[in-house]
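These notes are about the structure you will find just below.
Letters A, B, ... mirror the listed sequences (proteins, then strands); counts begin at 1.
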Amino acid sequence: MPELPEVETIVRELRPRLTGDRMRSIEALWHRSLCGDPREVNRGIRGRRIMELFRRGKYICLDLEGPRLTIHLRMSGRLLFITSPAEECHIRARLNFHESPGLALVDPRKFGRIRLWHEAEPFLPDLGPDPLDAETVCNVLAGVISRRAVKTVLLDQKVLAGIGNIYADESLFTARVHPLTPAGDLDNNQRVRLAAAVSRVLREAIRRRGTTLSDYRDPDSRNGGFQHQLKVYQCTGRPCPVCGTTISRIVVGQRGTHFCPRCQKK
DNA sequence: CCTTAGTCCTGCATGC
DNA sequence: TGCATGCAGGACTAAG
């Protein structure tokens, strides 16, 4: 699943190749992959210059001289440059440019969404700050007084934008915090550890170009490398790399959650 | 305020 | 081998 590090990797690949180019069209091959009326979206983007590419949380964002285009890959989405006539399955949409090769949204599960935002409308409202900076994360966590499980809070995009299931579990393990700890009960030490862990894990995952478990690929179809660094995520039944205790799996907020019951005490 | 369940989807694992 | 079932999961919505 593309989370912040995977999306960051994608944006870094797209930026030098698309900045300054112009939009030609967006074709929706699956009607729900493109939000709104496709003809209206195409009127809104045709000929527009891509001023800037950036990431907000898990969103790929294109600044089109005012209006903005966002792409969210959700579960299984990939954004691939269309190079050879290589037949990719599950193409749900195509982005066409004046100069650059097109981009295919390949998305078996059809959850990915492309959306055009008009200049006047609030852009990605309700999205919390990005969690790459430990101090920001610490301040945000200090402001959470809720008794919700800390793992649920980490996954809440209104609180922090970009953390998904993989990096939530890995960060909690690194910080030695139990995923069910009520967020408001974290003491200062735990908060500082968790904030440091979140930013460190995300930065390290970016450095490794993301995690490829099954679906994720960068725009040139290359795998990430962080899957070799995972300590608890999908490691149920294997020994904890720190203490050797068997990694447990529980469900928290309808999400599979992996942790070491010895290192991460409540 | 909060949690839970349902929705969207398909590939894959499981079980008979 | 083949079929049915169920599960995963990010974001959103509705109900309690």
Side-chain angles (χ1 to χ4, degrees), chain A residues 1-10 28-36 55-61 70-80 87-93 104-117 121-131 143-172 179-186 198 202 205 210-217 224 227 230 232-237 247-259:
Chain A
M1 312 132 254
E3 304 180 25
L4 185 152
E6 291 74 33
V7 177
E8 180 65 28
T9 304
I10 292 167
L29 289 94
W30 169 248
H31 66 112
R32 299 193 62 172
S33 298
L34 179 62
C35 299
R55 177 194 56 72
R56 264 292 277 139
K58 303 175 195 172
Y59 291 84
I60 299 160
C61 309
T70 58
I71 301 152
H72 196 306
L73 300 171
R74 295 273 186 99
M75 303 293 303
S76 61
R78 299 182 210 169
L79 213 47
L80 298 174
E87 295 135 36
E88 280 288 346
C89 280
H90 311 304
I91 298 181
R92 308 306 184 192
L105 172 65
V106 174
D107 186 18
R109 270 173 265 190
K110 300 180 173 174
F111 283 0
R113 294 289 180 269
I114 300 171
R115 177 173 167 179
L116 180 66
W117 303 71
E121 72 186 310
F123 182 62
L124 296 171
D126 308 324
L127 204 57
D130 270 43
V144 175
I145 48 164
S146 143
R147 297 200 53 78
R148 297 157 82 196
V150 63
K151 157 121 181 193
T152 305
V153 169
L154 288 180
L155 292 177
D156 185 343
Q157 304 298 299
K158 296 194 261 318
V159 177
L160 291 165
I163 304 170
N165 214 25
I166 298 173
Y167 300 108
D169 283 3
E170 291 298 310
S171 300
L172 288 164
L180 285 173
T181 311
D185 285 1
L186 292 174
V198 165
L202 292 173
T211 302
T212 298
L213 287 171
S214 51
D215 291 306
Y216 172 69
R217 301 280 134 75
Q227 60 278 12
L230 296 176
V232 288
Y233 187 77
Q234 286 190 0
C235 296
T236 315
I247 299 300
S248 294
R249 184 185 187 277
I250 57 174
V251 174
V252 179
Q254 275 102 257
R255 302 282 144 71
T257 298
H258 316 75
F259 72 106

Check nucleotides 1-4 of chain B for protein N or O atoms closer than 3.5 Å to its own N or O atoms and list the pairs.
unit_1 : atom_1 : unit_2  : atom_2 : d
dC2(B) : OP1    : S146(A) : OG     : 3.3
dT3(B) : OP2    : R148(A) : NE     : 3.3

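- Considering only residues two or more places apart in sequence or on other chains, T211(A) meets the side chain to side chain donor-acceptor pair (under 3.5 Å) condition with Y167(A).
- For the helix from dC2(B)-dG16(C) to dC16(B)-dG2(C), the rotation axes defined at the first and last 5 base pairs enclose an angle of 50°, given to the nearest 10°.
- Y216(A) pairs by the ring-ring contact (aromatic ring centres under 6.0 Å, His included) definition with nothing, not counting sequence neighbours.
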Please tabulate the protein-to-nucleotide N/O contacts below 3.5 Å involving nucleotides 6-8 of chain C, giving atom names and distances.
unit_1 : atom_1 : unit_2  : atom_2 : d
dA8(C) : OP1    : R249(A) : NH2    : 3.0

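- Residues satisfying the side chain to side chain donor-acceptor pair (under 3.5 Å) test with T212(A), not counting sequence neighbours, are none.
- For H72(A), the ring-ring contact (aromatic ring centres under 6.0 Å, His included) criterion is met by Y59(A), not counting sequence neighbours.
- Annotation: side chain to side chain donor-acceptor pair (under 3.5 Å) contacts of K151(A) (sequence neighbours excluded): N165(A), D169(A), T257(A).
- Applying the side chain to side chain donor-acceptor pair (under 3.5 Å) test to R147(A) and every residue at least two apart in sequence or in another chain returns D185(A).
- For residues 152-164 of chain A, the pairs satisfying side-chain hydrogen bond (donor to acceptor under 3.5 Å, both in side chains) are R148(A)-D156(A), with sequence neighbours left out.
- Scored by the salt bridge (charged side-chain N to carboxylate O under 4.0 Å, His left out) test, R74(A) finds no partners at all (sequence neighbours excluded).
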In the 5'-to-3' direction, what one-character label does each nucleotide of nucleotides 11-16 of chain C receive under the scheme B = base within less than 4.0 Å of a protein heavy atom, S = sugar-phosphate only, - = no such atom?
BS----
